[in-house]
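The structure appears right after this line, and notes come after that.
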Amino acid sequence: MSDIHVEVHPDTDTLVTRAAERFVATVVAAQKDRGTASVVLTGGGTGIGLLEKVRENPGDIDWRAIDIYWGDERFLPAGDPERNDVQARAALLDHVDVDPDRVHTMPVADGIYENDPEAAAVAYAQVLGAHADGKQVPVFDVHLLGMGGEGHVNSLFPDTDAVREEHRFVVAVTDSPKPPPVRVTLTLPAVRHADEVWLVVAGDAKAEAVAAAIAGAPPVEIPASGARGLSATRWLLDTSAASRLPG
Ligand SMILES: O=C1O[C@H](COP(=O)(O)O)[C@@H](O)[C@H](O)[C@H]1O
């Protein structure tokens, strides 16, 4: 399994600024090497904050040469302000020249999968497979993750079927403890297809789960613990989120 790297920043603004700089550098390097990049976005405070910082300083990213996926989505109607894709568009994607065919949003609740999150999850798994060079999931350059205070990542909450999933790459969640209850999420096996996984986490409320995850808690108890990249797993923290780490 890849090494775990921990980076601690003095405050949340510095954290998302540095994470955004790393994101830009990683995407640019992938585009230089292979002519293309592939990233998975996340919702939540730090996930969207990072995108706002990328908008301010996009560096040399070629926006026409990047595939954009989501790690999870709140299964709500198109345009709902609580959807992660709506927030990502407002923060960044509406302001840069992305190729719309390469922005792979998760299905909406008022479209062809109306009231059927399971079918939506199957459809998104097919989207992943269609861009995976004969495999089932692309090798993402970076999978961004936020983390909830109880250790959830994407919509993988502790002690749920979704976090226990070992075979499927995308599943529906119909009883999320954090509203809204119905969601679609990449599973831990899908997250582990990323070259690098970054957990961008801020605040005291997350400190205990950060320490438990880095110490190797069982993923069923602390889902973040199971989020590992192929080459690297990076915990990008502010001092509050890092406050329970030993030493
Ligand atoms: O519900 C969600 O929560 C997590 C963490 O959000 P945060 O605001 O506590 O950082 C987020 O990463 C996930 O995408 C989202 O759907």
Side-chain angles (χ1 to χ4, degrees), residues 9 11-17 19-20 23 39-54 68-77 80-93 104-109 117 120-121 124 140 142-158 160 162-163 170-188 190-191 194 196-210 212-213 219 222-227 229 233-243:
H9 298 282
D11 52 61
T12 309
D13 191 62
T14 309
L15 163 66
V16 289
T17 302
F23 180 88
V39 298
V40 183
L41 305 185
T42 187
T46 54
I48 299 301
L50 182 156
L51 299 184
E52 283 165 356
K53 296 292 184 186
V54 173
I68 297 170
Y69 301 89
W70 271 264
D72 76 324
E73 187 54 272
R74 291 99 184 253
F75 194 57
L76 294 167
D80 190 296
E82 279 199 62
R83 280 186 62 91
N84 289 334
D85 63 357
V86 170
Q87 295 179 21
R89 285 183 196 283
L92 174 66
L93 303 179
H104 309 288
T105 50
M106 287 186 169
V108 294
Y124 203 67
F140 311 114
V142 183
H143 190 320
L144 297 176
L145 290 169
M147 188 194 75
E150 80 297 61
H152 86 265
V153 289
N154 285 339
S155 290
L156 303 171
F157 292 86
T160 57
V163 75
V170 189
V171 296
V173 170
T174 54
D175 55 356
S176 163
K178 176 178 174 181
V182 184
R183 292 154 173 254
V184 174
T185 184
L186 266 57
T187 58
L188 289 176
V191 172
E196 296 211 3
V197 168
W198 300 358
L199 298 111
V200 188
V201 185
D204 283 338
K206 317 273 174 90
E208 216 165 289
V210 166
I222 304 286
S225 180
T233 305
R234 298 186 189 283
W235 284 85
L236 308 178
L237 307 171
D238 69 359
T239 41
S240 303
S243 60

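Both counts, for ligands and for their atoms, begin at 1 and track the order of listing. Note that the numbering runs from 1 along the sequence shown for the chain.
Glu196 is linked by a side-chain hydrogen bond (donor to acceptor under 3.5 Å, both in side chains) to Trp198, Arg234, counting only residues two or more places apart in sequence or in another chain. Residues forming a salt bridge (charged side-chain N to carboxylate O under 4.0 Å, His left out) with Arg74 (at least two apart in sequence, or on another chain): none.
With ligand atoms numbered from 1 in the order given, ligand 1 contributes 6 (O), 7 (P), 8 (O), 10 (O) to contacts under 4.0 Å with heavy atoms of Gly44. The Arg183 neighbourhood of ligand 1 comprises atoms 1 (O), 2 (C), 16 (O), with distances under 4.0 Å to a heavy atom of that residue. Interface of Thr42 with ligand 1, defined as ligand atoms under 4.0 Å from a residue heavy atom, comprises 11 (C), 12 (O), 13 (C), 14 (O). Listed by atom number, the atoms of ligand 1 under 4.0 Å from Asn84 heavy atoms are 14 (O), 16 (O).
Regarding atom 11 (C) of ligand 1, its nearest protein heavy-atom neighbour is Gly43 O, 3.6 Å. Nearest protein heavy-atom contact of atom 3 (O) of ligand 1 is Lys178 NZ, 2.8 Å. Of all protein heavy atoms, the one closest to atom 8 (O) of ligand 1 is Gly45 N, 2.9 Å. Of all protein heavy atoms, the one closest to atom 15 (C) of ligand 1 is Arg74 NH2, 3.4 Å. If you check which protein heavy atom lies closest to atom 4 (C) of ligand 1, you get His152 NE2, 3.3 Å. The protein non-hydrogen atom at the shortest distance from atom 16 (O) of ligand 1 is Asp72 OD2, 2.6 Å.
Scanning both residues, Ser155 and Thr185, for their nearest heavy atoms gives N-OG1, 3.0 Å. Closest approach of Ala207 and Ser240 over heavy atoms only: CB-O, 3.5 Å. Of all heavy-atom pairs spanning Asp80 and Val86, the tightest one is O-CG2, 3.3 Å.
Checking each of Asp13, Thr14, Leu15 against Thr17 for a side-chain contact (heavy atoms from CB on, under 4.5 Å) leaves exactly one that passes, namely Asp13.
Using a 4.0 Å cutoff on heavy atoms, Lys206 counts as a contact of ligand 1.
Proximity of Tyr69 to His143: side-chain heavy atoms (C-beta onward) are nowhere separated by under 4.5 Å.
Atom CD of Glu208 has 12 or fewer neighbouring heavy atoms from other residues, nucleotides or ligands inside a 6.0 Å radius.
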